[in-house]
Amino acid sequence: MIADIGYGLNAAGYLVLLLLLFTVRKPGLAKYLLSLATLVTMLWSLSFVSVLSGPLDVIHLLQGDSIKQAIWLLFIAGCLKPDFQNIWQVLRQPATLIALSVPLVALVLPWVVRTDITWHFLLQTLIALEVLILLEVLYRQVGDEQWAYKPLAFYLGATNLFEFVSYANATMIAQVEPGFIAARGYIYLLMLPFLVIATRRIKHWGVNIFISRDVVLHSSLLLVAGIYLFVMAALGYVINYLGWSWGSTVQIVLIALSMVLLATLFLSNNFRTRIKIFITKHFFANQFDYREEWVKLTNVLANTDQSSASVYHVALEGVMGAVNYDSGALVKKQGGRFTLVSNQYFMPLEQAEPALNELWDYCERTGWMVDLEEYRSKPFDYEGLQLPPKVIEDTELQLVLPFIREGKMWGLALLSAVDRPKVSLNWEVRDYLNAVTNQIANFIYFHEAAQSLAENAQFAAFNRMAAFVLHDLKNVLAQIDLILCNAAQHKDNPEFIEDTFETLHHTKARMDRMLRQLTEKQVDEAGVDATHILSELISDVIAQRCQSHQPLPVMQLKDETSVVVDQEKFANVMYHLISNAQQATPDDGQVDITVVLDAERKYQLIFIEDTGCGMDDEFIKNRLFKPFDTTKGNAGMGIGAYDAKTYMESIGGYLQVQSQPGMGTCFTLGFPIE
C-alpha cells in the first residue's frame, strides 16, 4: 500500500510536469525528448501501482526499468550537442548506439535466452552506471553553463545512483529488496523539483516553465504544515531509534505546540504575508525586467528641455509609463495650498483636494504609497490614514505615490486607470515604483537645483557687472575731481583747457561704456589689442589719473620693447595698482615704477614699488586677490588687484607680489613679448 501511494504520487507529479511542457509552444528537440522521458516515467510509475496492474513480478520490474532508462539515455545523448535538429541525428551518433545497446539487450534477453536472474540485475546495474557516466560527460563539457545543468545532474545522479545501489545489491543476493522497490516512487518524486529547476535554467532547451503565483501563495499553509509533519516524523524516528516511547507528556506538548502553530498561521495576517513574500521573492522570476524598465525610464527622462513645465510633464510621463496608466497629475504643496504642476487627462484637482491633506500628511510621515482600491477593502493596512468615506467612494483616483528625497517630500503623483487595467500594489510593484519615484525625484531635484544655480549665476554676473561699473565710476569721479582741483589755479592756461577737454572726452567715453554695460547687463570684456610702448601708456596714466594723491609716482625707464595689450585695460590695471600704492604710502614716502626688459625670458617687466605699510603673507595668499574683499571700507570695491591679476593671466602674463609689513610692497607685472 505504501509503495502504491509513492508511485501514484510520482505519476501525478510527472503528469503535472508533462502538462506544463505541453504549454510550451517553442519547438526544440530537447523539449520533445524531455516530454517523452516525462511521459514514459509517468507510465512507468503507474505500471507499479498494484491496484492498476496487479502484483509486481520481476520480469515486469526489469522491462519497465529498461524502457525508462533507455529513454533517459536517449534524452542525455540528445543534450550532448546543442545543435541537434532531429532525433535521427542523435541516433546516428556512435555513443548513442553504444549506450542504447545495453538497455536494448536487457529488454530482449528474457524473451530470447533463459539466463540466471543475477545477469538481468547486472545489466540494470550497468545501465544505471551508463547514465551516470554520460551525465558526467555532459556536465563536464557544458563549461560555463554548469550552474544551469547542476539541478539536472542532481536529479539524474540521485535517481540513478539509487538504481545502481539497488541493483548492485540485488546482484549480490539474487533478489531485489522490497524496501528499495517501495521507496523508488518517493525518491523520484522528491527529485522531481530539480528537474523542473533545470528546465528553467537551461535556456537553449526552449523550455520556460512558470507556475502560477496564486497556486503556491495559497499553498503556503500547506508548505508549513508539511514542514511540521516532517519535524514530527523526524522526532518519532529518533524516539523509536533510541528505544524510547511516546509518553503522554510528550504528546500533550506536541499537540499544544501544533495548536499554537496553527493558530499563528490562521490568525496572523502579517506572518502569512511574510511567508508569501519570502516564497515569491526567492522562488519566482521577477514580474519586471528591470534592465528594460530602467532603460525605458532613462529614455523618457532624457527627452526634455530645461523649462519647468517640460520637466514636470516628462516626470509625470515617466511615472505613468511605469505602470502603463493613462491619467495622472503631479501635485506640490506651496503655502498650505496644493498646486497642480502637471496633469494628463486628470480630473479637476477640486475633486481630489478633500483627501489630499490627509494623504500628504500620511505619505510624508510614513513614506508609503497608497492604493485607494486596497484602502477601501483593507483600511487596517494603512494604520493612521483616515479618509472621508464619501471622497473614497466617489473618486476615480487609485494610486498616490510620494516623491521623497533626503527625507523631504517634494510632491505627490496621483494616478488613475481610465481605460487600462489597474495595478495592485504588491511587494514587487512597490519596490519597483520606489525605484522609479526615487529616480524621478532626483531628476526633478537636479532640475530645480540647476535652475536655482542658473538664477544665482545671473545675479552673480549682475553683481559683478555692477561692481566693475561702480569701480569705473569711482575712477571717473577721481578724474573730474582732479579737474576741479586744478581749475582755480590753471583756468586761464590754454594748455590746461586743452587737457581738460581731452580728459572730459575720455570721461564721456568711459561713461558711455558703463551705460552700455548697464543696458546689456554684462561686463564689456572685449577690447582692442594693439602694439604699444608701455612707458608711454604709464606716463599718460600718471599724468591724467594719479595727480590727485601723494606721493606722486616716479617712472624709471631702463629698456623696453613694444608689447601687444589692450590700451584701456592696461591703463585700468596700472591705475589700480599705482593708486593702491599711493594710498598705502605716506605723503613723504615713495612710489617708483621701473620698466625693464627681460630678453632672455621674453617678458617686458614693470615693477611698482612703494614704501608703504606693506602686507603679510596670509593677507597676500587669502585676501589680496579675492574679489569684493577690501581694507578701505566704503571707499573701495575690492576688485582692483583681482582685475589686474585676471587681465595678466588672460594675456599669458603674470603678476607677482613681494611685501613685508612696515617695509613696503613690490608688484611685478610680466607682459609676454611676441
Side-chain angles (χ1 to χ4, degrees), residues 213-214 217-218 220 266-277 280-281 287-288 316 318-333 336-340 342-404 407-438 440-441:
R213 292 172 178 266
D214 294 334
L217 293 182
H218 294 153
S220 57
F266 281 106
L267 299 179
S268 176
N269 178 69
N270 184 50
F271 184 74
R272 292 199 307 270
T273 302
R274 287 177 180 273
I275 293 176
K276 292 178 181 180
I277 291 176
T280 310
K281 278 189 174 182
Q287 180 178 344
F288 301 97
L316 179 60
V319 72
M320 289 173 56
V323 289
N324 198 28
Y325 273 24
D326 52 1
S327 175
L330 285 185
V331 176
K332 291 184 68 175
K333 192 175 185 179
R337 295 179 59 84
F338 291 99
T339 303
L340 196 68
S342 181
N343 75 94
Q344 187 167 337
Y345 307 114
F346 195 68
M347 68 188 78
L349 188 60
E350 294 76 14
Q351 296 183 16
E353 197 163 6
L356 283 183
N357 277 314
E358 186 67 27
L359 288 169
W360 182 280
D361 294 340
Y362 178 79
C363 293
E364 188 174 32
R365 184 174 66 254
T366 63
W368 283 15
M369 304 173 183
V370 178
D371 183 352
L372 295 182
E373 289 286 331
E374 185 180 41
Y375 179 80
R376 290 188 183 98
S377 58
K378 295 187 289 186
F380 50 83
D381 284 349
Y382 298 91
E383 184 178 356
L385 179 60
Q386 300 291 333
L387 297 177
K390 187 176 186 306
V391 173
I392 296 302
E393 292 174 3
D394 296 342
T395 185
E396 297 178 357
L397 177 63
Q398 186 211 346
L399 298 181
V400 180
L401 311 180
F403 289 92
I404 299 175
K408 297 181 181 179
M409 190 158 81
W410 175 86
L412 295 174
L414 311 177
L415 305 180
S416 58
V418 179
D419 296 323
R420 308 289 176 87
K422 292 184 177 180
V423 173
S424 177
L425 290 185
N426 58 31
W427 70 266
E428 187 174 1
V429 176
R430 286 181 184 274
D431 285 351
Y432 166 61
L433 288 179
N434 271 327
V436 170
T437 54
N438 285 338
I440 294 178

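This is a predicted model, so every value here is computed, not measured.
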What closest approach, in Å, do [X] and [Y] show between heavy atoms, and which atom pair accounts for it?
{"X": "V370", "Y": "L372", "value": "CG1-CD2, 3.7 Å"}
{"X": "S416", "Y": "L397", "value": "CB-CA, 4.2 Å"}
{"X": "R430", "Y": "E374", "value": "NH2-OE1, 3.4 Å"}
{"X": "E383", "Y": "Y362", "value": "O-CE1, 3.4 Å"}
{"X": "L340", "Y": "A329", "value": "CD1-CB, 3.5 Å"}
{"X": "G367", "Y": "P402", "value": "O-CG, 4.0 Å"}

Under 4.5 Å between any side-chain heavy atoms of [X] and [Y], yes or no?
{"X": "S327", "Y": "Q344", "result": "no"}
{"X": "L412", "Y": "K333", "result": "no"}
{"X": "L401", "Y": "V436", "result": "no"}
{"X": "Y325", "Y": "L399", "result": "yes"}
{"X": "D361", "Y": "L385", "result": "no"}
{"X": "D371", "Y": "Y382", "result": "yes"}

Drop me the distance from [X]'s [atom1] to [Y]'s [atom2], to the nearest 0.5 angstrom.
{"X": "L415", "Y": "L433", "atom1": "CG", "atom2": "CG", "answer": "8.5 Å"}
{"X": "M320", "Y": "L414", "atom1": "CE", "atom2": "CG", "answer": "11.5 Å"}
{"X": "L359", "Y": "L387", "atom1": "CG", "atom2": "CG", "answer": "5.0 Å"}
{"X": "I404", "Y": "N434", "atom1": "CD1", "atom2": "CG", "answer": "9.0 Å"}

message: Among residues at least two apart in sequence or on other chains, which ones pass ring pair (Phe, Tyr, Trp, His ring centres under 6.0 Å) with W360?
response: F338

task: For T437, check side-chain hydrogen bond (donor to acceptor under 3.5 Å, both in side chains) against everything at least two apart and list the hits.
output: none

Partner residues of S342 under the side-chain hydrogen bond (donor to acceptor under 3.5 Å, both in side chains) criterion, sequence neighbours left out: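 Checked S342 against side-chain hydrogen bond (donor to acceptor under 3.5 Å, both in side chains); zero matches.
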
query: Under 6.0 Å from the CH2 atom of W368, do we count more than 12 heavy atoms belonging to anything else shown?
result: no

